[in-house]
Amino acid sequence: MKFRISIVLLTSFTCSTILAVGAFAQTRDAQQQFSKSKVKIQPLNVKPGLWETTSTFKSSGAPPVPPETLARLTPQQRARLEQRMNANSAGNTNTETNKHCVTKDDVEKADFGQGKGECTYTVQTSTSTRVAGKYSCNVEGMAVNGTVDIAAPDSEHITGSTKGSLSGGSRTMNVESTFTSKFLSDRCENAK
């Protein structure tokens, strides 16, 4: 269903922000999107190689469903969907740990979610050790808004958090995540 794509978009956006170590690094494509912030974009000072990231995601509220999706459901399907969404709206928490390979290009040319819907990104702070910003998107008639804060206290450690919401119609789903990443090796053979 299309509404799943929107939910996955917010989650994927959060994950891609976490996994792209230099999330606000300067690229030709990103310069156009970020030029509105008037902050010089700097890549984070982190090592390329194998990294391990532990992320905790918290969500609450019912995800919005585009009206055109609801219109295609039979009354029985809609009732089941509403029942499931109401049951899950109290929220849930999920923690996962992944290993991933970060290349020099990832650090220097990360795209910070470019090409994922119609989004505007504003970088508020960008240094070699900290990046903070906000994003705003309109995806399938739903508003996606949030903030990102990433810190690299040294070249082998990164911490961060994101906070966002997905709203449409009378529903809003809130998503928060925190993460820690640590450098494991300059070789990536063990990445999953």
Side-chain angles (χ1 to χ4, degrees), residues 2-46 48 51 53-61 63-64 66 91 100 102-155 157-181:
K2 282 190 172 190
F3 79 92
R4 279 186 159 169
I5 294 168
S6 299
I7 296 166
V8 170
L9 172 65
L10 181 59
T11 305
S12 295
F13 178 78
T14 302
C15 291
S16 68
T17 301
I18 293 165
L19 297 177
V21 174
F24 287 89
Q26 190 170 13
T27 68
R28 275 178 264 137
D29 293 336
Q31 283 176 337
Q32 292 175 339
Q33 290 288 337
F34 292 127
S35 63
K36 296 176 185 174
S37 69
K38 298 185 183 189
V39 172
K40 182 175 174 9
I41 310 303
Q42 296 183 38
L44 291 173
N45 182 26
V46 295
W51 284 77
T53 299
T54 299
S55 307
T56 300
F57 302 92
K58 296 178 185 178
S59 65
S60 62
H100 49 276
V102 176
T103 67
K104 184 176 179 183
D105 256 12
D106 291 335
V107 174
E108 295 174 353
K109 299 178 182 176
D111 68 2
F112 186 54
Q114 298 299 302
K116 300 212 191 264
E118 298 175 17
C119 300
T120 302
Y121 305 92
T122 304
V123 176
Q124 298 164 317
T125 301
S126 178
T127 69
S128 63
T129 60
R130 182 167 180 260
V131 176
K134 60 185 178 177
Y135 59 91
S136 178
C137 309
N138 185 354
V139 181
E140 296 180 20
M142 292 173 282
V144 181
N145 297 291
T147 59
V148 178
D149 196 347
I150 301 171
D154 59 57
S155 64
H157 296 91
I158 301 171
T159 61
S161 63
T162 64
K163 194 174 213 179
S165 65
L166 179 64
S167 301
S170 62
R171 293 191 171 100
T172 298
M173 182 174 76
N174 296 304
V175 178
E176 294 181 32
S177 70
T178 57
F179 70 91
T180 58
S181 293

* Write down the atom of Ser161, the atom of Phe179, and the distance for their closest heavy-atom approach. => N-CE2, 4.0 Å
* Structure fact -> With Tyr135 as partner, the option from Val144, Thr147, Thr122, Thr120 fulfilling side chain to side chain contact (heavy atoms under 4.5 Å, CB included) is Val144
* Pick from Pro63, Ser59, Ser60: which one makes a side chain to side chain contact (heavy atoms under 4.5 Å, CB included) with Val175? -> Ser59
* To do: State, without any angle test, whether Thr180 and His157 hold a side-chain donor-acceptor pair at a distance under 3.5 Å.
  => no
* **Gap between atom CG of Leu166 and atom CG of Asn174 - 0.5 Å precision** => 9.5 Å
* Asked: Are any of the side-chain heavy atoms of Thr129 and Asn45 separated by less than 4.5 Å?
  -> no
* What closest approach, in Å, do Ala152 and Ser128 show between heavy atoms, and which atom pair accounts for it? -> CB-O, 4.4 Å
* Kindly compute the distance separating CZ (Arg130) from CD1 (Ile158), expressed to the nearest 0.5 Å. => 14.5 Å
* **Euclidean distance, Leu44 CG relative to Ile150 CD1, rounded to 0.5 Å** => 6.5 Å
* Please report the C-alpha distance between Thr162 and Ser177 in whole Å, then the side-chain angles of each, then the deciding distance to 0.1 Å, and finally whether the side-chain hydrogen bond (donor to acceptor under 3.5 Å, both in side chains) criterion is met. => CA-CA 5 Å; Thr162 64; Ser177 70; 2.4 Å; yes
* **Test item: side-chain donor near acceptor, Asn145 and Ser165, under 3.5 Å** => no
* Structure fact -> residues 160-169 vs salt bridge (charged side-chain N to carboxylate O under 4.0 Å, His left out), sequence neighbours excluded, gives none
* Straight-line distance of Ser167 OG to Met173 CE, nearest 0.5 Å -> 9.5 Å
* To do: First locate atom OG1 of Thr53, then atom NE2 of His100, and finally report the distance between them rounded to the nearest 0.5 Å.
  => 3.5 Å
* To do: Please step through side chain to side chain contact (heavy atoms under 4.5 Å, CB included) for the pair Trp51 and Val46, ending with a clear verdict.
  => CA-CA 10 Å; Trp51 284 77; Val46 295; 3.8 Å; yes
* Gap between atom OG1 of Thr172 and atom CE of Met142 - 0.5 Å precision -> 11.5 Å
